[in-house]
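Here the structure is laid out as C-alpha cells; the discussion comes afterwards.
Here is the naming used below: chain letters follow the sequence lines, and residue numbers restart at 1 for every chain. Everything numeric in this text was worked out from a predicted model, so none of it was measured.
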Amino acid sequence: MLVFAVTLLVFSLLYMMPGNPIDIITDRKVSAEKRAELVHQYGYDQPLHVQYVRWIKKIVTEQDFGQSVRYKVPVWNLMKDRIPRSVKLCGWSLLIEMLLALPLGLLAAIKKDSFYDRFSVNFTLMLTSMPSFWLGALLILIFAVGLKWFPISGFEHARNYVLPVAALTAGSLAGTLRLTRAEVLEVLNEKYVTTALAKGLPYRTVMFKHVLRNALIMVTVSVFMSLPWLISGAVVTEKIFGIPGMGNLLLNSIVVQDFPVVQAVLLLIAILTVICNLLSDIVIAILDPRIRIAIGGGDK
Amino acid sequence: MSEELLRLEHLSIDYKVKGGYLSAVNDVNLSVNRGEILAVVGESGCGKSTIAHSIMNLLPGGNEEVEGKILFKGEDLRKYSRKQMEAIRGKDIGMIFQNPLDSLNPVYKTGKQVEEAILLDGIDRVQAWNKVLELYKDVKMPDAEVRANSFPHELSGGMRQRVMIAMMLSRNPELLIADEPTTALDVTIEAQILEIIKDLKKTYDTAIMLITHNFGLVAEVADKIAVMYAGEVIEYGDVFEIFEKPLHPYTTLLMKALPRKTKHEGRLQTIDGNVPRILDKKPGCRFANRCPYAMEKCMENTPPEVFVSEEHKCRCFLLEEQAEGKEAAE
Ligand SMILES: Nc1ncnc2c1ncn2[C@@H]1O[C@H](COP(=O)(O)OP(=O)(O)OP(=O)(O)O)[C@@H](O)[C@H]1O
Ligand code: SF4
Ligand SMILES: [Mg+2]
C-alpha cells in the first residue's frame with residue numbers, strides 16, 4: 001500500500017515537472033521532430049496513469065525497471081553494483097549504532113546524573129545536531145586530510161567505509177542512546193528488577209538479562225522505525241564521501257531528470273521501509289511475549 | 001532455646017524529600033527467631049515495606065539514609081559489600097513482594113525465572129527444572145508443568161504469587177520476608193496462600209517476617225507481633241498476650257476497632273485522625289495527636305521502649321505512670 005502511494009506520488013510529481021528527460025539529454029541541435037519521436041519512443045507523451053501502469057507491469061512481469069535515459073542502460077544494471085555499497089554503509093552504521101548506544105545508554109542510566117551520564121548524553125546530542133555534511137567534512141579534514149589515517153573517498157576497501165559509517169552513525173547515535181537511557185531508567189523502577197536482585201542474581205546479570213532485555217523492546221522498535229531516516233542520511237553521506245551507492249545515484253538522477261532511475265530507487269526505498277516496519281513487528285513479537293500472544297491469536 | 005536469626009537495632013530510615021527528611025522508620029528494635037513467624041502490622045505508610053527492603057539492602061537507592069544495625073546471625077548486613085549481599089539474598093533471606101502482578105519479569109517464562117534462582121546454587125539444568133516443577137506442586141500450582149512454561153501475563157494474581165513463593169523458597173532460605181503477600185489477592189486465594197506459608201514453615205522451619213495490615217491474618221499464623229505506628233514499633237510481644245491485653249493506646253484502639261468477620265473490615269480504618277507524615281524528626285510521641293490519653297509530656301518527649309515482660313515491650317508514657325503509680329501505692 002505504502003509502496004504504491006509513494007511511487008504514485010513520485011510519479012505524479014515527476015510528471016508535473018516542466019520539461020522531460022528527453023529535453024535534457026538531447027541538445028538544441030536535435031530537431032523537434034526527432035525529439036518528439038524520442039519522447040514517443042520512451043512513452044513520455046502518454047497520460048500519467050498509462051505510464052504508471054505500464055511501468056509497474058514491466059517490473060512485476062519482467063523484473064524490468066526500464067532504461068536509464070541518461071546512461072542508456074537498464075536501470076537494474078546501474079543499481080546492481082550500487083546496492084551492496086549502500087547496504088554496507090547502512091548496515092555497518094546500524095550495527096555500530098546499536099553496539100554503542102545500548103551499553104552506553106545502560107551505563108548512563110545506571111550512573112544517572114553522574115558526570116559520565118551528562119557527558120555521554122550531551123556529547124552525542126552535539127554530534128546529532130551537527131548537519132551531516134558538516135560533520136562529514138570535519139571528519140575528512142581531521143582524519144583524512146590532517147592525520148591521513150583514512151582515505152578521503154572511494155569505496156573499494158573496508159578502510160574507505162570507516163569515516164562515512166562514523167559520520168552516519170553519529171547522526172542517529174544520540175537518539176538511540178537517549179532512548180536506551182530513558183527506557184532503562186523506566187525498567188529500573190520495575191518491581192521485577194527488585195525481584196531479580198532479591199533472588200540473589202549478581203547485579204551485572206540483572207542489568208543485562210532483565211533490565212536491558214526489557215529496554216530493548218522499545219529501542220528496537222524505534223531503531224527500525226527510524227531506518228528511513230538513516231537512509232536519507234546515507235544519501236548525503238554517500239555524496240560527501242563519494243561512494244557511488246544508491247544515494248549518489250538518486251541525487252545525480254534527480255539533477256538530470258533521469259526519471260526511470262529516480263523511480264526505481266524510490267521504489268526500492270519504499271519497499272525497504274515497508275519491510276522494516278514488518279521486521280520491527282516481527283522482532284517485537286520475538287522480544288515481547290505479551291505481543292506474541294496477541295499476534296498469535298491468543299493461544300495459551 | 002530458640003536461636004535469634006535477625007535482629008534490628010536502632011534502625012532508622014529517612015527519605016530525603018522536598019522540604020526535608022521524611023522519617024519513615026525510627027529507632028526500631030526487633031528480632032526474629034529461627035522457625036518463628038513475626039507479624040509486623042500497621043497502617044499504610046507506617047514504614048513496613050521500608051524496613052523489609054532495608055534488610056535486603058534493596059531500598060530504591062539515592063534518597064534514603066539508614067542508621068542502626070541489621071544483624072543477621074550476628075553479622076551486620078549494612079557492612080556487607082555488594083558481593084556479600086548478593087550471596088545472602090535468596091540463599092539465606094528470601095523476600096516476597098507486596099504486588100505479585102508486576103513482580104515477575106514479563107519476558108521470561110515463570111518456570112525459567114524460578115530456575116534462574118536455583119541455578120545460582122550450581123545445580124545442572126535438568127535437575128533444576130525438576131526442582132521447579134516440584135516447587136510448583138509444593139505451592140499447589142494447578143498444572144505445574146503448563147504454568148512453568150507460561151509467561152507471567154498468562155497467570156492470575158494468585159498463581160503469580162505462588163510463583164514468587166516458589167522462587168523465594170527454592171533455595172531454602174532461613175528467613176523469609178513476606179511483604180503483604182496476600183493484599184492484592186481475593187479472600188479465598190489469601191486463605192490458600194496462608195496455608196502454603198504455614199505448611200512451608202512446618203516443613204522447612206523457615207523463620208518468617210510477615211508484613212500485613214490484616215489482623216485476622218496475624219491471629220491465625222503469627223507467633224509474635226510488632227505493631228507499628230508512623231515509623232516506630234509501639235508495641236511488640238506474643239500474639240496472644242497482645243490480643244488479650246494490649247497496652248499501648250493505639251493497639252487498644254485497633255483491637256476495639258476489630259470486627260470479627262470479613263477481611264475488608266479487618267483493615268485498620270476506624271481510628272479518628274490520620275497518621276502524621278514526620279518531616280524532620282522532633283521529640284514527642286508520634287501518636288499524641290490522636291491519643292485519648294495524651295499528656296503534656298507526650299508532646300515534648302519521646303516515650304522510651306519499656307519492657308513489661310521479657311517478651312513484651314511498649315512505647316508509651318502511660319506505662320511509666322502505672323509503674324510510678326504502683327510504686328507510690330506500695
Ligand atoms: N523512595 C521513597 N522516597 C520518599 N519517600 C518514600 C519512599 N518510599 C517510601 N516513602 C515514604 O515512606 C513512608 C513509609 O513507606 P512504606 O512503603 O515503608 O510504607 P508501608 O508501611 O509499606 O505502607 P503500605 O502498607 O501501604 O505498603 C511513606 O510515608 C512513604 O510515602
Ligand atoms: S505516650 Fe502519651 S500520647 Fe503517646 S500513646 Fe502514650 S499516652 Fe498516648
Ligand atoms: Mg508496603
Mark yes when over 12 heavy atoms from residues, nucleotides or ligands other than [X] sit less than 6.0 Å from its [atom1]; otherwise mark no.
X        : atom1 : answer
B:Lys16  : NZ    : no
A:Lys191 : NZ    : no
B:Lys140 : NZ    : yes
A:Arg178 : CZ    : no
A:Tyr116 : OH    : yes
B:Gln84  : CD    : yes

To the nearest 0.5 Å, what is the distance between [atom1] ([X]) and [atom2] ([Y])?
X        : Y        : atom1 : atom2 : value
B:Phe151 : A:Asp288 : CZ    : CG    : 9.0 Å
A:Leu197 : B:Arg82  : CG    : CZ    : 9.0 Å
A:Lys199 : B:Ile118 : NZ    : CD1   : 10.0 Å

For [X] and [Y], work out which heavy atoms get closest and say how close.
X        : Y        : result
A:Thr195 : B:Ser103 : OG1-O, 2.7 Å
A:Leu201 : B:Glu116 : CD1-OE2, 3.3 Å
A:Pro289 : B:Pro106 : CG-O, 3.1 Å
B:Met168 : A:Ala198 : CE-CB, 3.8 Å

- Most contacts with chain A, counted as non-hydrogen pairs under 4.5 angstrom, among B:Asn105, B:Asp92, B:Ile177: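 Going by pairs under 4.5 Å, I would pick B:Asn105.
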
- Query: Looking at B:Lys91, B:His53, B:Met167, B:Lys109, which makes the most heavy-atom pairs under 4.5 Å with chain A?
  - Reply: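 Most pairs with chain A among the choices: B:Met167.
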
- Message: Report which part of B:Ser150 has an atom under 4.5 Å of a heavy atom belonging to chain A: side chain, backbone, both, or neither.
- Response: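 Neither part.
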
- Item | Region of B:Met164 that comes under 4.5 Å of a non-hydrogen atom in chain A |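 Looking at B:Met164, just its side chain touches chain A.
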
- Task: Please tell me if the side chains of A:Arg213 and B:Tyr108 come closer than 4.5 Å, counting only heavy atoms from C-beta onward.
- Result: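 A side-chain contact exists here, since the closest heavy-atom pair is under 4.5 Å.
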
- Task: Sort A:Ile217 into side chain, backbone, both or neither according to what part of it lies under 4.5 angstrom from a heavy atom of chain B.
- Result: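 Contact with chain B: side chain only.
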
- Query: In terms of heavy-atom proximity below 4.5 Å to chain B, should A:Lys209 be classed as side chain, backbone, both, or neither?
  - Reply: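 The answer is both parts of A:Lys209.
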
